[in-house]
Amino acid sequence: MDSIKISTAQFEHKSADKSYNLSVIESLSRKAAAEGSNVIAFHECSITGYTFARHLSKSAMLELAEFIPSGPSLLKLIGIAKQHDMIILAGLFEKDKNDNIYKAYVCVDKNGLVAKYRKLHPFINPYITPGESYCVFDIHGWKCGILICYDNNIIENVRATRLLGADIIFMPHVTMCTPSTRPGAGFVDPKLWDNRDADPTSLRLEFDGMKGRAWLMKWLPARAYDNGIYVVFSNPIGRDDNQLKNGCSMIIDPFGDVIAECRSFDNSFTTAIVTPEKLIQAGGYRYIQARKPELYKDIIGQKHTPVQNVAWLS
C-alpha cells in the first residue's frame, strides 16, 4: 500500500434539499481535489439531511429515499467524482423495490459505485430497516470499512470490521449536542449559533465541552487505538433541523492520535496523509495478534435480544 491523502468534511446541510447539499459536496470535493486529496468523506445523510426525518410518514420517507445506484443523487455524486477524479463517500436514505427503507452510505469513484453500507442500528425513523452485514472494500490498495454513527458505539462492530481486513474505517455521524443520562450532555442553544460571529467563544465552549467534543474524545480515539486502524470521522456543523451539531470532523491514526481536525464554524474539510507503516507499529496490531478467541467466542456469541434506547428521542 502507498500513502494516500484523505479529507473529511463538515457542512451545514439543508433538510430534504438534495440539490443544495450536493452543491456543497461538489464545492468541497473540488477544493480537496485541487489540494491533492485522493478521497473525501461526508457525514451521515449528508445528501438528504437527517434529524427532520424523525417526523416523516412511510410514504414521505419513500419519496425522500432513492434507489442505489440508479437514483439521481447517486448519478450526480458519481459525476462529481468523475469530474474531479476523486473518491467520494456520502450518505442518504435508500429504498428497494419492496419499499424497504435503509440508512445508506456509499463510496463512489469516476467509474461508479464502489461500495454501499446500510446502518445496522438506525433509529431516526421507525420505518427504517436495519442493515444485516458489514462492508469491506478497496481504495487504492487499502482495505476500508464503513460504520454509521450508533454502529460505532457497539464496539463489536468495529472489531468485526477490523477482523474482516479493514485498515481504515469511515465513521460518518450526525452526533453530539443532544440530551443523555451522562453528566454534562444536552442541547446547545441555537442563539449561540446565530451569534457566532460576534461571540464565537461561548459557542466554542459548548461545542468543545461535555455536550460535544469532550464526550467524543472519551471513546473515538479508543476505537482507533484498540484496533490499530485509521478512523475517518465526519459530522455536520450548524443547524440540523431544530438542533445544532458541532462538527469536529477528524482523522485519527492507529496510535489514537488526532492527525487532522476541522475547527471552523464554516463548511470546510481537513486532510491527512495516511501511511501504511503505522498499521504495524501501533499497539492495536500486536493486541489483535495476541487474541485468544477460544476463551470468549461462546460468551460474545451467546443469545442476546438487542434493546436500543436513544435518550433524546424518548
(request) Test His43 against Val174 for side chain to side chain contact (heavy atoms under 4.5 Å, CB included), laying out the working first. (result) CA-CA 7 Å; His43 60 267; Val174 177; 4.2 Å; yes
(message) side chain to side chain contact (heavy atoms under 4.5 Å, CB included), that's the test. Do Gln10 and Ser234 meet it? Break it down for me.
(response) CA-CA 6 Å; Gln10 61 187 41; Ser234 48; over 6 Å; no
(request) Evaluate the criterion side chain to side chain contact (heavy atoms under 4.5 Å, CB included) for residue pair Phe207 and Leu192; output intermediate values, then yes/no. (result) CA-CA 10 Å; Phe207 276 0; Leu192 293 176; over 6 Å; no
(message) What verdict does the side chain to side chain contact (heavy atoms under 4.5 Å, CB included) test give for Tyr127 and Phe93, after you've listed the backbone C-alpha separation in whole Å, the side-chain angles of each residue and the deciding distance to 0.1 Å?
(response) CA-CA 11 Å; Tyr127 301 108; Phe93 294 107; over 6 Å; no
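Side chain of Asn152 to backbone of Cys149: a donor-acceptor contact under 3.5 angstrom is found. Judged purely by atom type and a 3.5 angstrom limit, Arg291 uses its side chain to pair as donor or acceptor with the backbone of Ile288. One N or O on the side chain of Thr161 and one on the backbone of Asn157 form a donor-acceptor pair closer than 3.5 Å. No side-chain donor-acceptor contact under 3.5 Å links Thr178 to the backbone of Phe187. Distance alone, capped at 3.5 Å, is enough to place a donor-acceptor pair between the Arg182 side chain and the Met210 backbone. For the pair Asn227 (side chain) and Gly284 (backbone), a donor-acceptor distance under 3.5 Å is absent. The closest donor-acceptor contact from the side chain of Ser37 to the backbone of Lys5 lies under 3.5 Å. The backbone N or O of Ala53 sits less than 3.5 Å from a side-chain atom of Asn125, completing a donor-acceptor pair. No donor-acceptor distance shorter than 3.5 angstrom exists from the side chain of Thr275 to the backbone of Ser3, with no hydrogens or angles considered. Side chain of Thr48 to backbone of Leu92: no donor-acceptor contact under 3.5 angstrom is found.
The number of heavy-atom neighbours closer than 6.0 Å to CG of Asp2, taken from other residues, nucleotides and ligands shown, is 12 or below. Heavy atoms from other residues, nucleotides or ligands lying under 6.0 Å from OH of Tyr225 number 12 at most. Heavy atoms from other residues, nucleotides or ligands lying under 6.0 Å from CD of Glu132 number 12 at most. Within a 6.0 Å sphere centred on CG of Leu75, heavy atoms belonging to other residues, nucleotides or ligands number more than 12.
Considering every non-hydrogen atom in both Gly247 and Ile237, the closest pair reads N-CD1, 3.7 Å. In terms of heavy-atom proximity, Lys119 sits nearest to Ile148 at CE-O, 3.5 Å. Closest approach of Pro254 to Gly228, counting heavy atoms only: CB-C, 3.7 Å. The minimum heavy-atom distance between Ile68 and Leu113, with the atom names listed, is CG2-CD2, 4.0 Å. Contact between Thr175 and Asn246 at its shortest, heavy atoms only, is O-OD1, 3.8 Å. For the pair Pro179 and Ala311, the tightest heavy-atom approach, listed with the atom from each and the gap, is O-CB, 4.0 Å.
Residues Ile25 and Lys76 fail the side-chain proximity criterion, which asks for heavy atoms closer than 4.5 Å. Between Val39 and Trp142 there is no side-chain heavy-atom pair separated by less than 4.5 Å. Side chains of Lys116 and Cys135 form no contact here, defined as non-hydrogen atoms less than 4.5 Å apart. Residues Glu94 and Val106 form no side-chain contact, since every pair of their non-hydrogen atoms from C-beta on lies 4.5 Å or further apart. Side-chain contact between Leu62 and Ile101: present, with at least one pair of heavy atoms (C-beta onward) separated by less than 4.5 Å. Between Cys262 and Cys248, every side-chain heavy-atom pair lies at or beyond the 4.5 Å cut-off. Residues Phe265 and Arg204 form a side-chain contact, since some pair of their non-hydrogen atoms from C-beta on lies under 4.5 Å apart. The shortest side-chain heavy-atom distance between Ile169 and Arg223 does not fall under the 4.5 Å cut-off.
Residue Trp215 is grouped with residue Ile252 when hydrophobic side chains (ILVMFWY) are merged at heavy-atom distances under 4.5 angstrom, including chains of intermediate members. Residue Leu216 is not grouped with residue Val188 when hydrophobic side chains (ILVMFWY) are merged at heavy-atom distances under 4.5 angstrom, including chains of intermediate members. Note on Ile139 and Leu74: separate hydrophobic clusters, where clusters join Ile, Leu, Val, Met, Phe, Trp and Tyr whose side-chain heavy atoms are under 4.5 Å apart, directly or indirectly. Connection of Met61 to Phe67 is not established within any shared hydrophobic cluster, with ILVMFWY side chains joined at heavy-atom distances below 4.5 Å, either directly or through further cluster members. Hydrophobic cluster membership differs between Leu56 and Ile47, with clusters built from Ile, Leu, Val, Met, Phe, Trp and Tyr side chains linked at under 4.5 angstrom.
Cation-pi geometry between Arg118 and Tyr102 is met: the NZ or CZ atom falls under 6.0 Å from the ring centre, inside 45° of the normal.
Between Lys110 and Asp85, at least one side-chain nitrogen of the basic residue sits less than 4.0 Å from a carboxylate oxygen of the acidic one, meeting the salt-bridge criterion. Under 4.0 Å is where a charged nitrogen must lie from a carboxylate oxygen, and between Lys245 and Glu44 no such pair does.
Within the hydrophobic cluster formed by Ile, Leu, Val, Met, Phe, Trp and Tyr side chains joined at under 4.5 Å, directly or through other members, Ile280 is accompanied by Tyr285.
The distance from the CH2 atom of Trp193 to the CG atom of Leu244 is 7.5 Å, given to the nearest 0.5 Å. How far CD1 of Ile40 is from OG1 of Thr271: 7.0 Å, rounded to the nearest 0.5 Å. Taking OG1 of Thr270 as the reference point, atom CD of Glu261 lies at 8.0 Å (rounded to 0.5 Å). In this structure, CG on Asp109 lies 12.0 Å from CG on Asn38, to the nearest 0.5 angstrom. One finds the NE2 atom of His55 at 10.0 Å from the OG atom of Ser15 (value rounded to the nearest 0.5 Å).
Listed by chain and number, the residues in a side chain to side chain contact (heavy atoms under 4.5 Å, CB included) with Phe255 are Asp253, Asp257, Lys278, Gln281, Ala282 (sequence neighbours excluded). Considering only residues two or more places apart in sequence or on other chains, Leu313 meets the side chain to side chain contact (heavy atoms under 4.5 Å, CB included) condition with Arg54, Phe123, Val310. Considering only residues two or more places apart in sequence or on other chains, Lys191 meets the side chain to side chain contact (heavy atoms under 4.5 Å, CB included) condition with Asp189.
Checking Val24, Leu77, Ile88, Ile87 one by one against Ser29, the side-chain contact (heavy atoms from CB on, under 4.5 Å) holds for a single residue, Ile88.
Using cut-offs of 30° and 60° on the angle between ring planes, the pair Phe42 and Phe11 is perpendicular. Tyr150 and His121 have tilted rings, their planes meeting at an angle from 30° to 60° on a 0 to 90° scale.
When only modelled atom types and interatomic distance are considered, Asp96 and Asn100 share a side-chain donor-acceptor pair under 3.5 Å. Judged by distance alone, the side chains of Tyr50 and Asp241 never bring a donor and an acceptor atom under 3.5 Å apart.
Sorted by first and then second residue, the salt bridge (charged side-chain N to carboxylate O under 4.0 Å, His left out) pairs with a member in residues 29-41 read Glu26-Arg30; sequence neighbours excluded. Screening residues 59-68 for side chain to side chain donor-acceptor pair (under 3.5 Å) gives Lys18-Glu66, Ser57-Ser59, Glu66-Ser73 as the qualifying pairs, with residues at least two apart or on separate chains.
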